[in-house]
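Below: the structure, in structure tokens.
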Amino acid sequence: MIAIEHLLVVGSILVLASIAIAKVSDKIGIPTLLLFLGIGMLAGSEGPGGIYFDDASMAQSIGVVALVIILFAGGLDTQWEAVRPVVWQAASLATLGVLITAVSIGLFAAYVLKFSLLNGLLLGAIISSTDAAAVFAVLRSKNVGLRNRLQPLLELESGSNDPMAVFLTIGFIQFVTAPQSSIGSILQLFFVQMMIGGIFGVMMGKALVFTLNHLHLKYEGIYPVLSLAFVAFVYGVTASLGGSGFLAVYLAGMIAGNSNFMHKRSQLRFFDGLAWLSQIAMFVTLGLLVFPSQILPVILSGMLVSAFVMVVARPFSVFISLFFSHLHWREKTFIAWVGLRGSVPIILATFPLIAGVPQAHPIFNIVFFIVLTSAMIQGWSIPIAARLLKVSAPPSRTPRYPIEPASVEGNDTELVDLIVPFNAQVVGRSLLEITMPSDSLIVLIGRGDGFLVPTGATILQEGDTVLVLVNRENLDRVRALFSRLR
């Protein structure tokens with residue numbers, strides 16, 4: 001039994017090392033997931049750390065808890081106004097695209113690697129989902145943005161395709177372990193999971209917002225604790241009812257993130273930090289679970305599957321899924337190339353290990369190798385691909401204000417930031433010429449890397465970030481005022 005003080009020392013060292021490595025990754029453009037996994041492998045039984053860890057069940061539990069937090073935090077950051085125009089494209093990629101990817105990889109593994117067809121399809125299901133967080137981390141480190149609606153499309157796809165990958169993985173495991181299962185029962189399971197997950201996620205997201213606004217807790221620090229407990233409740237109840245808990249927490253986060261509730265800014269920061277801690281814990285744990293000596297025998301198979309995923313499976317699924325969309329072929333090609341594999345495939349690879357599926361260990365090692373190669377090869381090339389395909393744009397920056405707003409109970413006034421879009425009616429007009437509600441006030445204007453204290457003669461420019469103190473009843477009116485185009 002390891003003493004608690006030793007466990008705390010080791011855990012803190014791993015987290016601190018991961019944070020230090022993340023700083024390095026920002027400079028050299030390597031996805032942080034690759035470095036976090038590397039720390040776990042170095043700390044593992046075959047690395048200098050010498051920590052023996054071979055508990056797939058515990059690794060899966062840690063991964064699921066971490067993923068629940070990450071998906072909820074991702075939902076909080078998803079702006080509905082930005083993703084609404086690409087909902088159907090993202091839904092197609094997250095369902096049909098994932099299915100096509102899984103089946104393509106399954107057939108390749110069966111006919112080239114000589115896997116059984118079911119095991120090949122299981123491998124395809126495990127690595128069928130993507131991780132947009134790794135993509136945007138690389139783009140931010142290289143100061144590259146994406147034009148048009150590529151960024152919201154990739155964000156929404158990555159946040160919503162994990163439930164489909166989980167369903168396919170569980171479905172194919174059921175086919176392997178219980179051959180008497182019918183396709184009809186699996187399809188029924190899919191619709192039940194998605195329906196329960198979708199309905200419960202929306203309902204609980206609204207319930208969370210209502211609770212936060214009407215509970216009136218005395219201490220501000222309790223609000224994030226309440227939200228965290230709510231997230232765990234949403235996932236647990238949804239999964240217990242047979243629904244997709246991952247879909248439910250993502251939708252609950254999206255509903256909450258696009259609503260106004262008490263202490264919203266502090267809670268967004270809380271979940272952002274918690275999501276980072278979850279990523280570190282998840283990747284390091286999965287790195288500990290890997291034995292590098294077991295990766296060597298599957299390198300050739302992993303390279304073949306990885307190349308097939310990058311060059312054939314992902315592009316084929318993207319172009320089929322987006323066949324009826326109005327995206328340019330350059331944009332579709334970029335979406336096809338940036339389908340990085342992240343933590344979810346490694347977590348899903350523990351499912352066959354626990355279920356006792358034949359060839360489960362080779363599948364796990366191949367999946368781990370594919371994630372590594374995807375991060376290394378595609379991660380380095382993302383900024384180059386964006387420029388070559390002419391889809392890059394100046395990156396959007398989230399302003400950091402020199403003042404910190406705080407929510408006050410019983411006060412309907414809120415401090416919100418609004419961006420002045422291109423060709424807006426307010427562009428080129430002074431603040432005196434803008435008819436604001438009498439109980440609203442422009443407090444600060446962010447322009448470039450600096451801030452302006454506004455006066456009546458201040459002229460608004462495209463791209464300005466306007467910090468407005470506004471009554472919640474007039475919030476929609478003020479937003480419409482700044483977003484109205486010429």
Side-chain angles (χ1 to χ4, degrees), residues 56-57 59-72 74-75 90-91 93-103 105-106 118-119 121-133 156-178 181 185-201 231-232 234-253 278 282 286 317 339-355 357 360 363-364 367-368 370-371:
S57 180
Q60 182 189 104
S61 299
I62 294 173
V64 167
V65 172
L67 190 58
V68 166
I69 294 172
I70 292 168
L71 285 174
F72 181 78
L93 287 170
T95 52
L96 179 61
V98 169
L99 178 62
I100 293 174
T101 301
V103 172
I105 297 170
L118 285 179
N119 278 341
L121 291 171
L122 176 58
L123 173 63
I126 290 171
I127 59 176
S128 58
S129 66
T130 59
D131 185 355
L156 189 57
E157 180 208 1
S158 66
S160 57
N161 64 10
D162 294 336
M164 185 66 176
V166 173
F167 160 74
L168 290 176
T169 300
I170 295 174
F172 287 128
I173 289 177
Q174 186 172 333
F175 273 126
V176 173
T177 56
S181 302
S185 64
I186 299 298
L187 290 176
Q188 182 181 359
L189 175 65
F190 169 76
F191 287 110
V192 168
Q193 281 195 347
M194 297 303 163
M195 183 177 65
I196 294 178
I199 293 174
F200 204 72
V231 172
V234 170
Y235 176 81
V237 172
T238 306
S240 300
L241 293 175
S244 172
F246 295 120
L247 178 61
V249 295
Y250 180 73
L251 289 177
S278 300
M282 176 173 57
L286 295 173
S317 68
L340 268 70
R341 270 53 197 171
S343 58
V344 175
I346 305 177
I347 296 173
L348 293 181
T350 63
F351 284 48
L353 289 173
I354 297 172
V357 172
I363 288 176
F364 178 86
V367 169
F368 193 88
I370 290 171
V371 171

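Computation of the quantities below employed the complete heavy-atom set of this structure, encompassing side-chain atoms and omitting hydrogens, waters and symmetry-equivalent molecules. Along the sequence shown, the residues carry numbers beginning at 1.
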Does the side chain of Thr101 come under 3.5 Å of the side chain of Ser317 through a donor N or O and an acceptor N or O? yes
Quick one, Asp162 with Leu71, criterion side chain to side chain contact (heavy atoms under 4.5 Å, CB included). Give me CA distance, side-chain angles, the key distance, then yes/no. CA-CA 9 Å; Asp162 294 336; Leu71 285 174; 3.7 Å; yes
Would you indicate whether the side-chain heavy atoms of Val166 and Ile170 approach each other to under 4.5 Å? yes
Show the nearest heavy-atom pair for residues Val231 and Val249, with the distance to one decimal. O-CG1, 3.9 Å
What distance separates Ile196 CD1 from Ile199 CD1, expressed to the nearest 0.5 Å? 8.0 Å
Ala125 and Phe172 have their tightest heavy-atom pair at CB-CD1, 3.7 Å
Shortest non-hydrogen contact from Val371 to Pro345? CG2-CB, 4.2 Å
Would you say that Leu156 contacts Tyr250 through its side chain, given a criterion of any heavy-atom pair below 4.5 Å between the two side chains? yes
Going by heavy atoms in the side chains, are Pro352 and Ile173 under 4.5 Å from each other? yes
Would you indicate whether the side-chain heavy atoms of Pro163 and Met194 approach each other to under 4.5 Å? yes
Gap separating the CD1 atom of Ile70 from the CZ atom of Phe246, nearest 0.5 angstrom: 10.5 Å
Looking only at heavy atoms, the pair that brings Asn161 and Ser129 closest together is OD1-CB, 3.7 Å
Would you please test Val64 and Tyr235 for side chain to side chain contact (heavy atoms under 4.5 Å, CB included) and show each step? CA-CA 10 Å; Val64 167; Tyr235 176 81; 3.5 Å; yes
Any chance you could measure Ile346, atom CD1, to Leu348, atom CG, to the nearest 0.5 Å? 10.0 Å
Go through the steps for Phe175 and Leu122 under the test side chain to side chain contact (heavy atoms under 4.5 Å, CB included), then give the verdict. CA-CA 10 Å; Phe175 273 126; Leu122 176 58; over 6 Å; no
Say you draw a straight line from CD1 of Ile127 to OG1 of Thr169; how long is it, rounded to the nearest 0.5 Å? 10.0 Å
For the atom pair OG (Ser158) and CG (Leu93), what is the distance rounded to the nearest 0.5 Å? 10.5 Å
Grab the two heavy atoms, one from Leu353 and one from Ala56, that are nearest each other, plus how far apart they are. CD1-CB, 4.0 Å
Does Thr130 offer a backbone N or O that forms a donor-acceptor pair with the side chain of Arg341 under 3.5 Å? no
Exercise: identify the closest heavy-atom pair between Val237 and Phe200: CG1-CZ, 3.4 Å
Side chain to side chain donor-acceptor pair (under 3.5 Å) against Thr238, all qualifying residues, sequence neighbours excluded: none
Output the distance between atom CZ (Phe167) and atom CG (Leu187), rounded to the nearest 0.5 Å. 6.5 Å
